[in-house]
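Structure first, then comments.
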Amino acid sequence: MSKALFLFVAGVFIGAVIIELNRRSNTKWQFTRLFENLMVKEADDAFVGAVAKNEGQFMDDLHR
């Protein structure tokens, strides 16, 4: 049940993002560019967060 609730909430947020991007764009090309830039930004943020977490773990291991 918790997975279904998570998927529902995630779907609501993803839908809201798509509706907002559609509202801000004037053409299909502009929507595509906005969506692509959003995905790249989110992927970069996730990568930086993972690297920082791994770097912190690495430094903790070195100090032991």
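The figures here come from the full heavy-atom set of this structure, side chains too, leaving out hydrogens, waters and symmetry mates.
- Judged as a salt bridge (Lys or Arg N to Asp or Glu O under 4.0 Å), and not counting sequence neighbours, the contacts of Asp45 are Lys41.
- No side-chain heavy atom of Arg33 sits less than 4.5 Å from a side-chain heavy atom of Gln30.
- Counting only residues at least two apart or in different chains, salt bridge (charged side-chain N to carboxylate O under 4.0 Å, His left out) contacts with residues 3-13 are absent.
- Hydrophobic cluster membership of Val17, counting Ile, Leu, Val, Met, Phe, Trp and Tyr whose side-chain heavy atoms lie under 4.5 Å apart directly or via other members: Ile14, Ile18, Leu21, Phe31, Leu34, Phe35, Leu38, Met39.
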